[in-house]
Amino acid sequence: METTRRDFLRSAAALAALTGFGALPGFATAVRTGGGAARTRWYKGNLHTHTFWSDGKAFPEVSIDWYRSRGYNFLGLSDHNVFQDDPDRWIGLIGNDEKDVKPDWAKNRPPRFLYNARRRYFDIYRTAFPDVVTRTGADGRTEVRLSTFAELSQRFNMPGEFLLLPDVEATRVVDYADGRSHQLHMNYVNLPELLPSFAAPDFERKVRDVPLPAFLAAHHREVASRSAARGCRSLFILNHPIWMWYDVGPEVLIETPDVRFFEVCNGGASFKEAEGLPADGLDTDRLWDVVNAFRARRGYPLIHGIGTDDTHHYCGEDRYMCIPGNAWVRVRAESLDAGSLIDAMVRGDFVTCEGLEPDDVSFDPSAGRLEVVVGAGVAPRTVRFIVSKRDFSEKPVGKVTVRPAKHRDSMRYQREIAFYDDRIGRVAKTVEIPAGEAARVGYTLADDDLYVRARIEEKGETVCKASLHPKGLRCAWTQPYRVG
Ligand SMILES: [Zn+2]
Ligand SMILES: [Zn+2]
């Protein structure tokens with residue numbers, strides 16, 4: 001373990017002089033110029049959010065207002081299997097204690113509402129947004145019209161400050177004849193329409209004979225070809241791969257190199273931990289390195305890890321896990337528009353944050369050096385530089401077959417989980433930064449490293465209660481970088 005004594009910067013002023021922007025109050029206003037590069041700014045955003053357009057428990061205005069008023073610069077309302085473009089979409093109100101009716105996916109297809117809203121969510125909405133539109137439905141129930149994406153954009157967008165992005169979460173269940181079942185959830189961002197393959201109702205059950213990688217790749221292709229036809233850039237993200245029960249293993253993502261983004265941190269999805277797995281299990285950090293070690297060796301693009309809230313609950317329901325403010329991304333872009341944000345993310349010019357943000361991240365591709373600037377904090381921070389080695393073995397060092405205790409008699413959640421050697425995802429350098437200290441720390445790729453990424457950690461409580469987060473830690477992740 002190495003300390004940063006040599007690298008320590010003893011004051012914020014010294015840090016500011018070095019970085020050119022460290023004296024500014026954090027990312028929100030951090031601006032960097034130089035080297036002839038265009039002026040850039042770090043924008044904060046969440047790309048996974050639900051509203052009453054699907055199973056989120058807030059009207060969309062309430063959701064957007066939460067984020068915009070807390071300094072987020074962009075937001076994607078990624079409702080399940082719907083794009084918010086129907087101006088005639090209504091939702092029924094029910095009493096606060098009235099039993100909600102579970103939607104019948106086979107019958108209740110849009111445009112009829114699939115969910116009801118409890119009166120208290122409506123009261124919160126109407127208090128802040130009195131121009132809400134209501135009517136009396138055929139059964140005498142009050143119905144509320146849901147605002148469309150176009151209406152919401154018009155209301156909330158502020159040039160250079162806030163941008164609503166089109167976003168859809170495709171939610172699919174893939175059943176196999178042997179009884180196994182996998183959930184595959186995928187977001188596509190900046191494509192303002194519902195694509196045919198994504199229009200199936202949530203949780204539609206169907207036995208399929210297409211392997212999981214091919215199923216995922218087909219969805220990606222549909223997004224890519226539609227984006228090309230429209231002449232717009234889009235993002236395709238594989239959501240919460242190990243929810244709910246190791247549903248998408250690393251092998252699926254090794255075989256689908258066109259998929260460039262996955263959620264390394266999802267604030268909303270709980271995760272049932274397996275019995276019988278080794279102590280280090282298979283968390284999303286581990287999955288990330290397995291995928292990228294194989295991809296790097298094959299010359300494929302590396303996969304980037306994003307963080308999202310997957311927000312479902314907004315109104316003080318702390319007992320729920322899917323609340324806002326858990327995890328986000330900071331993107332270094334030239335301007336706040338979809339094209340610039342997406343270009344920056346494809347370049348890997350962003351950090352993923354869960355309660356903790358570095359002050360700056362840079363990678364010099366000619367020197368192969370990754371540097372992280374961490375501002376002075378109230379608690380000690382640890383920076384780990386993580387690599388995979390060129391000579392890793394593709395042969396698993398072990399395999400286990402697991403089933404959750406609750407489903408021991410069923411094939412439904414049976415999973416084969418492979419483990420690879422420690423040349424994948426090895427911590428190459430650890431730097432401890434004491435409380436109150438700021439530091440610039442770095443790692444230079446060795447000849448036998450395939451890539452390097454950094455994870456910054458700080459002990460402490462997080463907003464998040466879900467177990468797809470590291471426990472008792474606030475974290476930030478850089479993207480993986482390699483020479484060339
Ligand atoms: Zn999901
Ligand atoms: Zn979701």
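From a predicted model like this one, the values you see are computed outputs, not experimental measurements. Counting starts at 1 for both ligands and their atoms, in listed order.
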> Can you tell me if His80 has an N, O or S atom under 2.8 Å away from the Zn ion (ligand 1)?
Replying inline: no

>> Between His48 and the Zn ion (ligand 1), is there a contact where an N/O/S atom of the residue lies under 2.8 Å from the metal?
In response: no

> Would you say the side-chain atoms of Gln84 and Asp79 include a donor-acceptor pair closer than 3.5 Å?
Replying inline: yes

> Counting backbone and side-chain atoms alike, does His50 have an N/O/S atom under 2.8 Å from the Zn ion (ligand 2)?
Replying inline: yes

> Does Asp360 reach the side chain of Val372, with side-chain heavy atoms less than 4.5 Å apart?
Replying inline: no

> Any idea how His80 and His50 line up, ring-wise: parallel (<30°), tilted (30 to 60°), or perpendicular (>60°)?
Replying inline: parallel

>> Among the N, O or S atoms of Asp310, which one sits nearest to the Zn ion (ligand 2)?
In response: OD1

> Between Phe294 and Phe392, does the ring centre distance come in under 6.0 Å?
Replying inline: yes

> Below 2.8 Å, any N, O or S contact between Glu169 and the Zn ion (ligand 1)?
Replying inline: yes

>> Is there a salt bridge (Lys or Arg N to Asp or Glu O under 4.0 Å) between Arg474 and Glu457? Walk through the geometry before answering.
In response: CA-CA 6 Å; Arg474 294 186 279 264; Glu457 301 166 6; over 6 Å; no

> Tell me, which N, O or S atom in His185 is closest to the Zn ion (ligand 1)?
Replying inline: ND1

>> Quick check: of its N, O or S atoms, which one does His240 have closest to the Zn ion (ligand 1)?
In response: NE2

> Is there a ring-ring contact (aromatic ring centres under 6.0 Å, His included) between Phe236 and Tyr188 once you walk through the steps?
Replying inline: CA-CA 5 Å; Phe236 179 93; Tyr188 61 88; 7.9 Å; no

